[in-house]
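Counting from 1, the numbers follow the sequence of the chain as shown.
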Amino acid sequence: ANWLITGSDAAQTPSAAPPADILPKRHREDEKHAQRRRSIIERAWWLFSEQGYAAVRIADIAKDVGVSTPTVHYYFPSKQALFAETLHYSVKLAYDRQVAGLQPITDPVAQLKRLVELQLPLGAEGRAEWSIWLQTWTKLAVSEGGLDTHSPGYRRWTSTVHDIISAGQKTGHFVTVDAGTLTAELTAMFDGMGIQVLTGNLTPSQMFANICGFIDRTIIQQQGATS
């Protein structure tokens with residue numbers, strides 16, 4: 001995505017590039033097999049996000065894609081392995097969206113608010129992406145294994161927030177409170193409010209307004225104020 005936008009493989013936006021091992025896996029296979037693998041991941045992503053991991057069977061995914069159950073198992077040894085790939089897919093969606101959405105913006109305040117806006121659980125795809133993350137957190141809360149993507153994937157998100165805050169501090173746009181502390185506070189608020197949107201207690205617009213209010217009150221350097 002960055003190459004298409006900028007003509008360069010180098011990162012030109014504050015969106016932290018995810019390590020290769022938390023993106024969808026690449027395999028040495030012909031285009032037909034690669035397309036089938038992508039189709040399985042994409043349809044599984046939708047089914048898991050809409051119905052929940054426990055309710056979806058490999059047979060359901062196979063039927064939705066139009067292949068046999070053994071065909072799905074040919075590409076993915078277990079349902080857990082396939083779910084892990086849907087998390088990789090979510091990381092890639094977020095990164096591509098951030099590269100495209102943040103590229104034209106140079107002002108740190110606008111960048112930070114745009115980043116928040118890009119990650120809202122808004123629309124079918126936004127809610128699906130959040131559903132996959134929320135189900136991942138639920139699995140980790142009960143110590144289910146096989147989700148090694150979570151930590152590096154989440155660090156990519158927090159690194160993006162941290163990079164924008166640090167850049168804004170250097171230009172004098174943001175207060176000089178420890179950037180790690182501000183990142184932790186902002187991302188914790190973001191995660192909590194995202195869960196409230198998914199459970200119907202907030203709307204995405206209310207979430208965005210609340211988080212922008214926090215940014216305005218806590219992170220932006222007020223004129224004539226010292227931190």
Just so I know, are the side chains of L118 and L102 near enough to count as touching, which here means a heavy-atom distance under 4.5 Å? yes
- Query: Going by heavy atoms in the side chains, are T138 and Y53 under 4.5 Å from each other?
  - Reply: no
To the nearest 0.5 Å, atom CG of L120 lies from atom CZ of R127 at 12.0 Å
One should read off an interatomic distance between T86 OG1 and Q135 CD, to the nearest 0.5 angstrom, of 8.0 Å
(message) If only side-chain N and O atoms count, and only distance matters, is there a donor-acceptor pair under 3.5 Å linking T181 with E185?
(response) no
Correct closest heavy-atom pair for P104 and G101 would be CD-O, 3.6 Å
Heavy-atom side-chain proximity of V197 to Q206 below 4.5 angstrom
no
Closest non-hydrogen atoms of A44 and I61, given as atom of the first, atom of the second and distance, are CB-CD1, 3.9 Å
**Asked** Is the Lys NZ or Arg CZ of R38 less than 6.0 Å from the centre of Y89's six-membered ring, within 45° of the axis?
**Response** no
Partner of H173 under side chain to side chain contact (heavy atoms under 4.5 Å, CB included), picked from D107, I219, I164, is D107
So the side-chain hydrogen bond (donor to acceptor under 3.5 Å, both in side chains) pairs with at least one residue in residues 62-71 (sequence neighbours excluded) are R43-D64, S68-T71
4.5 Å side-chain heavy-atom contact, M193 and F208:
no
Original post:
With no hydrogens and no angle check, is any side-chain donor or acceptor of E50 less than 3.5 Å from a backbone partner on F48?
Top reply: no
pair F214-F190: side-chain heavy atoms closer than 4.5 Å
no
d(D191 CG, L186 CG) to nearest 0.5 Å is 9.5 Å
Within a strict 4.5 Å, meaning less than it, do heavy atoms of the V56 and W46 side chains meet?
no
Task: W133 vs V91 side-chain heavy atoms within contact, under 4.5 Å - done: yes
In R37, E85, H33, the residue satisfying side chain to side chain donor-acceptor pair (under 3.5 Å) with Y75 is H33
Rounded to the nearest 0.5 angstrom, the CD-CG distance for Q196 and L198 is 11.0 Å
Main-chain N/O of Q119 paired with W130 side-chain donor or acceptor, under 3.5 Å: yes
Separation between CD1 (I220) and CD (Q222), nearest 0.5 Å, reads 7.0 Å
Looking at K113 and D216, is any side-chain nitrogen of the basic one under 4.0 Å from a carboxylate oxygen of the acidic one? yes
Heavy atoms of R156 and A94 approach each other most closely as NH2-CB, 4.0 Å
Q.
Test your reading of the model: is there a side-chain donor-acceptor pair from T171 to the backbone of G168, 3.5 Å cut-off?
A. yes
*Mind running side chain to side chain contact (heavy atoms under 4.5 Å, CB included) on I58 and F76 for me, showing each step along the way?*
CA-CA 10 Å; I58 290 294; F76 305 98; over 6 Å; no
Rounded to the nearest 0.5 Å, the CG atom of D163 sits from the CG atom of L112 at a distance of 11.5 Å
Of all heavy-atom pairs linking V65 and I40, the shortest is CG2-CA, 3.9 Å
On a heavy-atom basis, the closest approach of W157 and T187 is NE1-CG2, 3.6 Å
In short, L182 meets Q169 closest at the heavy-atom pair CD1-NE2, 3.9 Å
